[in-house]
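Report on one structure; see the data block that follows.
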Amino acid sequence: MHYRRAVVPGVVAVVAVTAVAFGPLVAGVSLASESRLTFSQQGSLAIDSASLPAEATIEPADYGGADYYLTVSPATVEFASVEGSPTLVYMLEIEALGLQRGTSHFLDSAVESPFEATIDTGTLTDRSFDRRQYDGRLSLSVRNSSGQHTLAARNVTVRVVE
Amino acid sequence: MSLAALRDRAHGESTAAVRRTLARVLFGDRYGRLLFCCALCLFGLVWRTDVFINDTYTLANGLYSLTNGEVGLTDAAYGPGLETPGAYPVSDGLVARNYGAIVLAVPFWALLEALTAVASLRVALVGLWCLTLLAAVIQLDGLVDTDGVVLGGGLAVLALFVSNVALARSLPTDATHLYALQLFHMTVAAFAPVLLYRLLSRLSTRRVALAAAVVLVLGTPLSLWAPVPKRHAITTTVVLGVAYTLYRSRTEPDGALFNTERSFRALAYALVGLYAWVHAPEALLLLVVLFAVDFPTAVDNSVRTLAVVTSAFVLSLLPFVLTNVVVTGSPITPPRLLNRGAEFGASSGVRGGSGGGTSLLAPLTSLLSPVLSLTRPFRLLARELIAGVTVFRSTPDVVYHTLVRSGDAAAALDVSGQESVNLTVLESAPVLGALAGGIPAVWRNRRGITTAQRRSATTAVDLFAVLTVVTVALLYANRLPLHAQVTVRYLFPVYPLGVYLLVRLPVVRETLDTHWRLFAWATAVTTFIGGQLLVVVVFWTVAGLGEAFQLHALLALATALPLAVWALFGRSDGVFGRAGAILLAAPTALTALFVLVVAVEYYPIGDSQFLPTVRAAAELLDLL
């Protein structure tokens, strides 16, 4: 089987030539570099409308884990304009628990509208809940170099599911 | 024929002979080479080119300093600063630890630097991964009768290479020290299945040995820790290496390089001595266990043999001793013992000297001090082991949360105390549930074993495995359960030796020997079809990391339990054998899946998966 003799040197040659071609010795060919998140926060945005959910839940972990998870449904945002790279912050605050949970969304002008802002599901270290439900406040705000401005907000009920 | 041509030919033949000998010494046979290549490819699949546990910063900075000609830590090239976990203060700065691993990673670093100079590091490393896969294909070709394995395999490897390069992003070239450490640890870990296979193929059939190697690679968290520059990968290979050389030291020698029982015995001790360079306390434990098993059961304890063994051990300790002298100023104090040594050793030594009768005892103490300082490590070890026994007796719940079920125990929580991500031994490697079959096996031999059996090589290795597992558990008992364990990594020797002991059980051995095809198919089906179902279940029902880990834990226990019942029952004939093969396959595949999703989804460490295709899949799939 003479072709077998060619397979190994063939593959090795392809690998070696490709590796060198993408290397520093050959100009003009290079790999895409790591995309780094930009936190410039230079920019602004305006919204047409935003719809925030009315409820959030605190649930014990399934499968015997020790955690409680706080789950908030996404908010839908219609942008009027996005300029530069502003940060959209979607936040839940529960005063009675002294708790603030939010997720920052780093936007740029290529962002699609309507946009679904989420709050990452997170664990709660304090696991003693003396009430079945708490009052919370959801907010959507924009953060940029000139500070943070609230775009929309509403009161929500946070249910504790046992 | 001219003289020059003759010389060339002789030279060529001797080079080929050296290559053959080297391949035999390192891998044994073609199956060994196949296992090595496959294991390396699997480790590459789950390799993340970033820091998983932050004491890796210390090792990377240690290698950075060493490649700049300094032993102590000089610059924080990696991580937030020099004072990372695992860095120890000495009089003139900080030092790293695991110097054995750091020094042996230097060639890997040099290779990476050379690659960086001429090629794209990402493409070159992806290429090397593909070539390792091609090497596996070539080994496979020599083992099967089918035509076209090399051609088909070669084309598949090329397709993989092209698709990976198409998706590749450049790898930061300023972290070669970290990659070198990771590559070194992966290479060492890839010898673990090879050694297990070589050991078991001598005391059982080749099929059983291969199945055991598969169980080790897929069914234990080995591949999760292989790319992490910590001692666990090295420990695995060392304990298996010691077990293998111990066996060879008691059987007819037929080695390519070593051809006496004595030399294999010396090699076993030398491995332990060399391991002290990486992690001295565990090496000390291994030395005690090895000696306790080897000395009473050896056929030949003549002065000459003991002299050879002792000199091999002393020689193997040289790198360790030299490093200690340079780093800490004391030949027997490794960096790792600097803190704890001060706590334990100083209190015991100083108190003895400063007691009531100081004036009388002082000369005696100073006379005995060299002896005392030499025996101090042994006394420390004994104290730790006794403390371990106390823990086992006084806090069974801690033992339960370490070995069986983690669940909502505080011990299972991660460092920030939020997610239940620290699994137990059984949840990490549910295939070890079959060790329950050891109970009837021991019961059958309750009337004792014959003298011939007692002297046999197999018994020596069995004893070494059992003693190592028990003493390692005792050594760490008072520190367990610890945070940042994920899979009880402190007890890592339990996994390879557990797999060895598993296959020593007649019921498992016979099942794997007769139904190895069914075992292989069931493992593949569980991995590829069960894996998809698992991903769907995680996607729909899991909200966070703790929940996901506990789902894996419950699934693992659900497979470990019937396996344990089957092993207790102890039948491998007919339908029982077939059921056993499936029961062994399911937990093996579940652990493999767990490791895969940990690397791809749960701990992507900033999407730093090494293979661009794996990374792309991880970015597409959003499980949590």
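Basis for what follows: all heavy atoms, side chains included, without hydrogens, waters or symmetry-related copies. Just so it is clear, the model here is predicted, and its values are computed rather than measured.
For the set Ala553(B), Ala168(B), Ala548(B), the count of heavy-atom pairs under 4.5 angstrom toward chain A peaks at Ala168(B). Chosen from Val20(A), Thr71(A), Asp62(A), the residue pairing most often with chain B at heavy-atom distances under 4.5 Å is Asp62(A).
Between the Trp47(B) side chain and the Gln609(B) main chain, no donor and acceptor come within less than 3.5 Å of each other. In terms of modelled atom types and a separation under 3.5 Å, the side chain of Glu601(B) and the main chain of Val597(B) share no donor-acceptor contact. The main-chain N or O of Arg405(B) is found under 3.5 Å from a side-chain atom of His401(B) such that the two form a donor-acceptor pair. Judged purely by atom type and a 3.5 angstrom limit, Ser141(A) has no side-chain atom pairing as donor or acceptor with the backbone of Thr150(A). When atom types are taken as modelled, the side chain of Arg48(B) and the backbone of Tyr603(B) share a donor-acceptor pair closer than 3.5 angstrom. Counting only distance, with no hydrogens or angles, the side chain of Asp141(B) and the backbone of Val137(B) share no donor-acceptor pair below 3.5 Å.
Interface residue Thr116(B): only backbone heavy atoms are found under 4.5 Å from chain A. Proximity to chain A (any heavy atom under 4.5 Å) is restricted, for Leu545(B), to the backbone atoms N, CA, C and O. Heavy-atom distances place no part of Val29(A) under 4.5 Å from chain B, backbone and side chain included. At a 4.5 Å heavy-atom cutoff, the contact between Leu151(B) and chain A is made by backbone and side-chain atoms alike. Both the backbone and the side chain of Val12(A) come within contact range of chain B, with heavy atoms under 4.5 Å apart. For a residue to count as touching a neighbouring chain, one of its non-hydrogen atoms must lie under 4.5 Å from one of that chain's; by this rule Leu551(B) touches chain A with backbone and side chain alike. Only the backbone of Ala117(B) comes within less than 4.5 Å of a heavy atom in chain A; its side chain stays farther off. With a 4.5 angstrom heavy-atom cutoff, Val157(B) touches chain A only via side-chain atoms. Only the side chain of Val542(B) comes within contact range of chain A, with heavy atoms under 4.5 Å apart.
By the 4.0 Å N-to-carboxylate-O rule, Arg169(B) lies close enough to Glu619(B) to be salt-bridged with it.
Between Phe549(B) and Tyr602(B), the ring-plane angle classifies as tilted under the 30° and 60° cut-offs.
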